[in-house]
Structures are given as C-alpha cells and as structure tokens.
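Numbered from 1 within each chain, the chains take letters A, B, ... in sequence-line order.
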Number of protein chains: 2
Amino acid sequence: MARTRHASLDCSPGCAVEATLALIDGKWKGVILHHLGEGTMRFNEIRRRLPSVTQRMLTNQLRELEADGLITRRVYAEVPPRVEYSLSERGRSLAPVIRALKEWGDEHVMAALQKAA
Amino acid sequence: MARTRHASLDCSPGCAVEATLALIDGKWKGVILHHLGEGTMRFNEIRRRLPSVTQRMLTNQLRELEADGLITRRVYAEVPPRVEYSLSERGRSLAPVIRALKEWGDEHVMAALQKAA
DNA sequence: GCCCATAGTGTCGAAAAGGATACCGTGATG
DNA sequence: CATCACGGTATCCTTTTCGACACTATGGGC
C-alpha cells in the first residue's frame with residue numbers, strides 16, 4: 001500500500017526536495033514525527049493527540065514511517081498489548097526540518113488565522 | 001480544484017507543521033519553489049526543468065501556489081503569449097524550509113541511492 | 001496554405017488515498 | 001456472565017489525485 005509516490009525521482013537539482021517531501025507527506029506523518037520528537041509514545045497516546053485521525057490511518061502512517069526507517073516500533077508481549085513508538089536515529093535527524101516547518105507555519109499561517117478570527 | 005486538504009486544522013501543537021506541509025505538498029510544489037528560488041521563469045522554462053510533469057499538472061500546481069500567495073504570475077499581452085512566474089515575498093520566506101528539505105534529502109536519501117546503484 | 005511555438009483549458013478514466021464500520025483475542029474488572 | 005481496554009485487521013465505499021489526450025487563439029516563418 002502506498003509508497004508508489006515518486007518511484008522514479010527523475011528531477012535533477014530539486015530532486016532531494018521532493019525525496020524528503022515524499023517521506024513526510026501523507027496527511028499525518030508530519031504531526032506524528034513532531035509529536036514523537038517529544039519522546040517515546042504508545043499507540044493510543046499518539047492517537048489522543050490527533051483527535052481526528054482514524055485507527056486505520058494511524059496504523060497506516062506509522063507503518064509507512066517505520067518502513068522508511070524514520071521510527072522504531074517495539075512490541076511488548078503483554079496483555080493488554082503494549083506497543084511503543086519512537087524516533088529512530090534517522091527520524092531524529094529530521095528534527096531541523098520539522099522545526100523549520102513548524103516555525104514557518106507559526107509565523108505565516110497561524111498568525112493569519114488569528115487575524116481572521 | 002483541490003485546496004480541500006486540511007480545511008480544518010484541528011491539531012493542537014503540531015498544527016503549524018501540517019499547515020506548512022499543506023502548502024508545499026502536492027507532488028511538484030516543492031521542486032517548483034526550489035527552482036523559482038533561482039529567479040523569475042516563464043512557463044515552459046519551468047516545464048523543461050521538470051521533465052515528467054504534464055502541462056495540466058504544472059498549470060494546476062502553479063495556480064495553487066499563486067492562490068496560496070507563494071508565487072506571483074505576470075502575464076504579458078504579447079503573441080506568442082509570455083507569462084512569468086516568480087516567488088512572492090511570502091514565497092521567498094519559505095527559502096529556509098526548502099533549503100532544510102533539500103539538505104536532508106541530499107544527505108539521507110540521495111546518498112542512499114548512490115550506494116544502491 | 002501549413003505548421004510551429006506559447007500558455008494554457010476540457011474531458012475522460014484509472015488508480016490511490018482515506019473515511020466508516022465491524023471484527024479479533026486476551027485478561028482484568030464489575 | 002458481560003463489558004472494557006489495547007492495538008490492531010478486514011472490508012466497503014467515496015473522494016481525490018493525476019496522467020493521457022485533444023483542443024484553443026494568435027502571429028510568424030517556410
């Protein structure tokens with residue numbers, strides 16, 4: 001499922017830009033990475049922070065992030081089940097990018113929304 | 001067309017991250033902004049840099065970027081027609097974000113592709 | 001007279017994304 | 001005995017995305 005996007009990265013100089021975007025687009029991945037930046041969390045903990053994401057979507061996005069090596073998934077053989085998610089080394093290296101996105105958004109989007117209200 | 005994405009920005013702290021992503025996702029916008037960072041360009045000039053984008057898609061993405069206030073479109077009443085695109089003030093302010101995306105991609109994605117080849 | 005380039009637009013249809021809902025096993029709790 | 005919480009799956013269906021292709025107007029060159 002998914003991961004078809006940009007199978008061929010055929011652009012020359014801007015390629016890297018799209019390659020990075022391909023990893024963090026997908027409607028929820030950006031926020032998930034942002035939240036996981038605060039530390040390890042379990043499934044429903046993340047879910048509570050994203051009020052409007054469905055279980056199916058959250059599973060999906062987490063699986064893709066894992067497949068891309070950005071997060072780590074640790075399952076504990078317990079009942080009730082416990083699954084913890086955390087940023088991988090690679091995921092942590094994305095921090096500056098996430099921060100840049102957040103800062104720009106705070107300054108140029110959120111501010112505009114304030115005014116509109 | 002489009003622009004439905006994230007009509008309701010209901011997340012709390014990561015909201016700004018998604019808000020920014022909503023502006024630059026869309027398969028080609030990232031690269032377009034990257035290229036326009038080099039200066040004003042006309043339609044077919046951009047198109048030549050993006051070998052695999054269709055005319056329809058390019059028009060579409062440019063219109064969305066314009067609607068979001070990131071680029072400026074100047075039409076000259078000439079024949080054959082001439083239309084020039086350039087970054088707006090707001091678009092230029094995105095430069096650090098684009099740069100962050102590109103740098104991460106160069107380091108963490110392109111490098112991996114080199115090895116694979 | 002015909003074709004070229006420019007900067008598009010319109011329509012079609014396939015594929016992907018994503019939402020709703022129901023279901024799973026287990027152990028604790030009421 | 002029934003119910004809840006956990007971390008998911010499975011299935012269905014609607015919406016969105018996006019590529020292919022055809023079409024437009026105009027003026028210049030051959």
Self-check item: Interatomic distance where CE belongs to B:Met41 and P belongs to C:dT6 [whole Å]
Solution: 16 Å

Quiz item: With sugar-phosphate meaning primed atoms plus P, OP1 and OP2, does B:Arg73 contact a base, only sugar-phosphate, or nothing at under 4.0 Å between heavy atoms?
Solution: sugar-phosphate

Practice problem: With heavy atoms under 4.0 Å as the rule, sort B:Tyr85 into base, sugar-phosphate or nothing. | Solution: sugar-phosphate

Quiz item: Separation of A:Leu50 atom CG from C:dG19 atom C1', in whole Å?
Solution: 15 Å

Quiz prompt | Protein-nucleotide distance (A:Lys27, atom NZ; C:dA16, atom P), rounded to Å | solution = 18 Å

Quiz item: Is the shortest side-chain N/O distance from B:Asn60 to OP1 or OP2 of D:dC18 below 4.0 Å?
Solution: no

Quiz item: If you measure from CG on A:Leu21 to NZ on A:Lys29, what distance do you get to the nearest 0.5 Å?
Solution: 11.5 Å

Quiz prompt | salt bridge (Lys or Arg N to Asp or Glu O under 4.0 Å) partners of B:Glu66, counting only residues at least two apart | solution = none

Exercise. Using side-chain hydrogen bond (donor to acceptor under 3.5 Å, both in side chains) as the criterion, list what pairs up with B:Ser93, not counting sequence neighbours.
Key: A:Trp104, A:His108

Quiz item: Expressed in angstrom and rounded to an integer, what is the separation of B:Arg63 atom CZ from C:dG8 atom C1'?
Solution: 7 Å

Quiz prompt | Heavy-atom protein contacts under 4.0 Å, nucleotides 25-30 of chain C, coded B base, S sugar-phosphate only, - none | solution = -BS---

Quiz prompt | Most 5' of A:Val53 and B:Arg42 on DNA chain C, judged by nearest nucleotide | solution = B:Arg42

Quiz item: When only distance counts, do a donor and an acceptor, one from the side chain of A:Arg56 and one from the base of D:dT11, lie under 3.5 Å apart?
Solution: yes

Exercise. Only counting residues at least two apart or in another chain, list the ones meeting salt bridge (Lys or Arg N to Asp or Glu O under 4.0 Å) with B:Glu103.
Key: none

Quiz item: According to the ring-ring contact (aromatic ring centres under 6.0 Å, His included) rule, which pairs have a member within residues 39-90 of chain B, sequence neighbours left out?
Solution: none

Exercise. Using whole Å, report how far CE of B:Met57 lies from C1' of C:dG8.
Key: 15 Å

Practice problem: May I ask you to check whether over 12 heavy atoms, not counting those of A:Arg82, lie within 6.0 Å of atom CZ? | Solution: yes

Quiz item: For the pair made of CH2 in A:Trp28 and P in C:dA17, what is the distance, rounded to whole Å?
Solution: 16 Å

Quiz prompt | Pairing residues for B:Arg92 by the salt bridge (Lys or Arg N to Asp or Glu O under 4.0 Å) criterion, not counting sequence neighbours | solution = B:Glu89

Quiz item: Roughly, in whole Å, what's the span from CZ in A:Arg82 to P in D:dC6?
Solution: 13 Å

Quiz item: For B:Gln55 and D:dC21, what is the distance between atoms CD and C1' respectively, to the nearest whole Å?
Solution: 11 Å

Quiz item: Where the side chain of B:Thr54 is concerned, which of D:dG7, D:dT9, D:dA20 is the nearest nucleotide?
Solution: D:dA20

